[in-house]
Amino acid sequence: MLQLHNFSKSYRGRAVLRIDSFAFSPGTSWIQGANGSGKSTLLRAIAGVTPFEGDILLAGQLSVKKQAVAYRRLVNFAEAEPLFPEFLTGRELIHLFRAAKNGPPHQEDFYLEGLHMTSYVHEPVGTYSSGMLKKLSLVLAFLGQPTCIVLDEPLTTLDAAAIPVLCSWMVRQQAQQGTSFLLSSHQAFAAGSLPAMQQLLIEHATLHYPE
Ligand SMILES: Nc1ncnc2c1ncn2[C@@H]1O[C@H](COP(=O)(O)OP(=O)(O)OP(=O)(O)O)[C@@H](O)[C@H]1O
């Protein structure tokens, strides 16, 4: 599904991740690791929002660097701590993302109703709480026809009622469109709420399968 080739990432000359070669299998991959191990760094690189050395290919064809627009149309991302221009409304951001991702008209309605967001989605995002912002970022991550959805700490700040709704979206998305998920979460998902997950670990500044 996604392949990393000679991947490395440094901040101000300090190497934080080095992954010579790695292929993510289709399905759901749960990336675990201690605070500061590099989970967000890896997910941001895969999403195409942070520079790195090496390359990442989708389906063996689209490079995040060489075919950036086509790649990013198919790889959606919800940040751990989403930030949006405060003066835009949730609805405006949704329209922007849906157009950029080639999503069908009204695609967002299902998601907005599922997370009970219709009462505030017309308000500027500067008025949103952290949980409301998180929900908006999750809705945006499901727009279009993504091959892969990358979710960094998707459960953080979500209320208890929203967590099973998100899990049901993931199950539906995988069943209907074969979308793969890459996620990081310090919090475990409830048993049985998601199909089998491939667990991966970042330690010693690299990615591997846990023993
Ligand atoms: N913008 C940055 N500038 C400098 N160093 C950074 C930057 N972002 C991350 N780092 C460093 O890179 C390393 C990996 O950070 P990262 O945020 O990827 O970890 P993480 O596994 O997502 O952590 P957490 O579980 O705490 O969210 C850390 O040592 C961090 O200090």
Side-chain angles (χ1 to χ4, degrees), residues 1-25 27-58 63-65 68 71-72 75-86 125 128-142 146 148-160 162-163 166-167 170 179-191 193-194 197-211:
M1 195 268 296
L2 276 169
Q3 293 101 30
L4 275 59
H5 298 285
N6 298 319
F7 176 92
S8 66
K9 172 71 185 177
S10 302
Y11 290 108
R12 290 183 216 102
R14 186 175 69 93
V16 293
L17 266 182
R18 183 184 168 87
I19 303 165
D20 292 338
S21 175
F22 195 90
F24 289 95
S25 311
T28 300
S29 298
W30 178 16
I31 299 171
Q32 295 166 284
N35 289 133
S37 56
K39 302 178 298 298
S40 295
T41 298
L42 177 61
L43 295 183
R44 288 173 57 80
I46 289 171
V49 300
T50 195
F52 59 90
E53 298 298 316
D55 206 357
I56 299 174
L57 294 183
L58 179 66
S63 154
V64 66
K65 292 184 173 176
Y71 175 101
R72 288 180 62 177
V75 178
N76 289 2
F77 180 44
E79 293 251 28
E81 292 172 19
L83 283 176
F84 302 110
E86 296 200 342
V125 297
Y128 289 16
S129 71
S130 53
M132 289 156 79
L133 271 182
K134 190 71 169 182
K135 287 179 178 177
L136 176 63
S137 76
L138 292 169
V139 172
L140 297 175
F142 280 80
C148 178
I149 299 180
V150 179
L151 303 175
D152 193 359
E153 291 290 346
L155 306 186
T156 312
T157 72
L158 281 190
D159 58 50
I163 294 175
L166 172 63
C167 292
M170 293 171 67
T179 304
S180 291
F181 286 85
L182 292 189
L183 49 99
S184 78
S185 177
H186 288 292
Q187 194 178 333
F189 286 82
S193 60
L194 290 176
M197 283 197 276
Q198 174 75 65
Q199 295 195 26
L200 301 170
L201 183 64
I202 298 185
E203 63 177 357
H204 311 308
T206 197
L207 178 69
H208 60 87
Y209 295 96
E211 312 241 310

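The basis for the numbers below is simple: all heavy atoms, side chains too, and nothing from hydrogens, waters or symmetry mates. Please read these numbers as outputs of a predicted model, since none were measured by experiment. Counting convention: from 1, in listed order, for ligands and their atoms alike. We count residues from 1, following the sequence as given.
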Revision key, fill the gap. Among non-hydrogen protein atoms, atom 26 (O) of ligand 1 lies closest to N35 ND2, 2.9 Å
Review point. Do R44 and D152 meet the salt-bridge criterion of a basic N to acidic O distance under 4.0 Å?
Key: no
Check your understanding: With atoms numbered from 1 as shown, which atoms in ligand 1 lie under 4.0 angstrom from a non-hydrogen atom of R12?
Key -> 3 (N), 4 (C)
Review point. S184 near ligand 1, heavy-atom distance under 4.0 Å?
Key: no
Point to revise | Nearest-neighbour protein heavy atom for atom 10 (N) of ligand 1, which is reported as residue plus atom name and distance | key: Y11 CE1, 3.3 Å
Practice item. Kindly say whether S185 contributes a backbone atom to a donor-acceptor pair with the side chain of K39 at under 3.5 angstrom? Key: no
Check your understanding: Can you check side chain to side chain contact (heavy atoms under 4.5 Å, CB included) on Y128 and E86, steps first, answer last?
Key -> CA-CA 9 Å; Y128 289 16; E86 296 200 342; over 6 Å; no
Check your understanding: Any cation-pi pair here, K9 with F7, using under 6.0 Å and within 45°?
Key -> no
Point to revise | Derivation of the side chain to side chain contact (heavy atoms under 4.5 Å, CB included) call for T41 and I202 | key: CA-CA 11 Å; T41 298; I202 298 185; over 6 Å; no
Check your understanding: Would you find a donor on one side and an acceptor on the other, under 3.5 Å apart, between the side chain of E203 and the backbone of S37?
Key -> no
Practice item. Verify, without hydrogens or angle tests, whether T206 (side chain) and R18 (backbone) share a donor-acceptor contact under 3.5 angstrom. Key: yes
Point to revise | Atoms in ligand 1 with a heavy atom of V16 nearer than 4.0 Å | key: 12 (O), 13 (C)
Point to revise | Residue, atom name and distance, where the atom is the protein heavy atom closest to atom 21 (O) of ligand 1 | key: K39 NZ, 2.7 Å
Exercise for review: Give the residue, atom name and distance (to 0.1 Å) of the protein heavy atom nearest atom 29 (O) of ligand 1.
Suggested key: R14 NH2, 3.0 Å
Point to revise | Heavy-atom proximity to atom 15 (O) of ligand 1, best of T41, T156, L42 | key: T41
Check your understanding: Is the backbone N or O of E79 less than 3.5 Å from a side-chain atom of K134, with the two atoms forming a donor-acceptor pair by type?
Key -> yes
Review point. Which residue owns the protein heavy atom closest to atom 17 (O) of ligand 1, what's the atom, and how far is it?
Key: S40 CB, 3.8 Å
Exercise for review: Enumerate the atoms of ligand 1 whose separation from the nearest heavy atom of A34 is less than 4.0 angstrom.
Suggested key: 21 (O)
Point to revise | Nearest non-hydrogen protein atom, atom 28 (C) of ligand 1 | key: G36 O, 3.5 Å
Check your understanding: Does ligand 1 have any atom sitting under 4.0 Å from a heavy atom of H186?
Key -> yes
Review point. Are side-chain heavy atoms of N35 and H186 found at a separation under 4.5 Å?
Key: yes
Practice item. Answer with yes or no whether G38 contacts ligand 1, where contact means a heavy atom under 4.0 Å from a ligand atom. Key: yes
